[in-house]
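In what follows, every chain begins at residue 1, and chains take the letters A, B, ... in the order their sequences are listed. Just so you know, these numbers come straight off a predicted model, no measurement behind them.
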Amino acid sequence: MPELPEVETVRRGVDAAFRGGRISAVEVYNPRTVRRHATGVADFQRSLAGLEVTGSGRRGKFMWLGLDDGRALVCHLGMSGQLHVVTDGREAHKHLRGRMRFSDDRELWFIDQRTFGYWDLVDMDGAVPATVAHIAPDVFETAFDPGLSADRLLRRRIEVKKALLDQTWISGVGNIYADEALWRSRLRGRRTGDSLTRRKALELLGHVGDVLTESLAVGGTSFDELYVDARGEAGYFARELAVYGRAGQPCKRCATPIVREVIGDRSAHYCPKCQR
DNA sequence: AATACGACCTGCTGGC
DNA sequence: TGCCAGCAGGTCGTAT
Ligand SMILES: [Zn+2]
């Protein structure tokens, strides 16, 4: 569920709450939460206790908290993950997977219905954690090079929709914003990368940046309680969506009913008239 | 190298 | 009421 705007919204909330904070104890309630940590749950919990959160970072949908031992706590939200700043004594959530207590007794809760999200403690590899090094820069990073990215897309034989979901090409785009960027570009997701002009590829990348920026400005997209920010607040971009989840409803440009199809085992939504 | 596909989960909805 | 298929904001490992 959470794509770049949602993850960035969460990161900002967590950073504001815990930058400079010291971790006193960590509890993991579902071992899957720490499945990527090779040395296991006990080592994970023990290693974090006593460390200070020095800051935070994000690349695409991967976010992390920087720690004063030089490592990072990588947090991926998967399809349904949330991080909540808890300052009261609220009752445990049904999908509470992990809990981190700070020295001032505030807590960071990881709630995740489907358990595709995870926590991991990893060494840094330059600017990003080692386990994030294979992910391409997102469109907001200074390392992002639109010309280079466009050129790479033009050499791809896969559908553009699939390329947009490939986090090793550009990161941060998921199923919602892929469909929205394609609609804004008047491109069908079925088109292959090598069928685009360079100009069109650059236009697509521009729309990716625009839609992510606009969504972030209103806290991201929330359809239900599965996505809320670190304070439990919903985002408001759902009302701005042109195609995602709008099958059968009129295109906002030409009133033709939006069509749902399947590309690469994911739903895809488009206007059959004004997307080619 | 690039591409394709199943696996990993829980829960909700709609049809019979 | 029960049961089952289908669907959901993602990524990774393995096989071609
Ligand atoms: Zn249209």
Compare side-chain N and O positions of Ser267(A) against OP1 and OP2 of dC7(C) and report whether any pair is under 4.0 Å apart. no
In whole Å, measure the gap between the P atoms of dC9(B) and dC3(C) for me. 24 Å
Answer with yes or no whether the hydrophobic clustering places Ile135(A) together with Val122(A); edges join I, L, V, M, F, W, Y residues whose side-chain heavy atoms lie under 4.5 Å apart. yes
Closest non-hydrogen contact found for Ser222(A) with Ala238(A) is O-CB, 3.8 Å
Regarding the side chain of His76(A), the nearest nucleotide among dC12(C), dG11(B), dG10(C) is dG10(C)
Shortest side-chain distance from Gln167(A), nucleotide among dC9(B), dG11(B), dT11(C): dT11(C)
Arg36(A) vs Phe223(A), nearer the 5' end of DNA chain C by closest nucleotide: Phe223(A)
Selected nucleotide, minimal atom distance to Phe62(A) side chain, candidates dA4(B), dT11(C), dG10(C): dT11(C)
Need one value for Asp224(A): base, sugar-phosphate or nothing, where a base atom within 4.0 Å counts as base even if backbone is also close, heavy atoms only. base
Ignoring backbone atoms, establish whether Arg114(A) has a side-chain N or O less than 4.0 Å from OP1 or OP2 of dG10(C). no
On DNA chain B, nearest-nucleotide positions of Asp265(A) versus Arg157(A): which is more 5'? Arg157(A)
Reckon Arg35(A) touches a base, only the sugar-phosphate, or nothing at all at heavy-atom distances under 4.0 Å? nothing
What's Arg155(A) touching, base or sugar-phosphate or nothing? Going by heavy atoms closer than 4.0 Å. nothing
When we call it a touch if two heavy atoms are under 4.0 Å apart, what does Arg152(A) touch: a base, just sugar-phosphate, or nothing? nothing
From the set dT10(B), dA8(C), dG10(C), return the single nucleotide nearest to any side-chain atom of His95(A). dT10(B)
How about CZ on Arg231(A), more than 12 heavy atoms from neighbouring residues, nucleotides or ligands closer than 6.0 Å, or not? no
Say whether, by atom type as modelled, one donor and one acceptor occur between the side chain of Lys161(A) and the main chain of Arg188(A) under 3.5 angstrom. no
Rounded to whole Å, the CD1-C1' distance (Ile263(A) to dC5(B)) equals 16 Å
Test your reading of the model: is there a side-chain donor-acceptor pair from Glu240(A) to the backbone of Ser215(A), 3.5 Å cut-off? no
Can you measure Ile135(A) atom CD1 to dC12(C) atom C1' for me and round it to whole angstrom units? 10 Å
With a 4.0 Å cutoff (strictly under), does any side-chain N or O of Arg266(A) reach OP1 or OP2 of dG10(C)? yes
Met79(A), nearest nucleotide to its side chain (from dG10(C), dC7(C), dA4(B)): dG10(C)
Please name the nucleotide paired to dC3(C) by Watson-Crick or G-U wobble geometry with both distances under 3.5 Å, or report none. dG15(B)
Mapping Lys94(A) and Arg32(A) to their closest nucleotides on DNA chain B, which lands nearer the 5' end? Arg32(A)
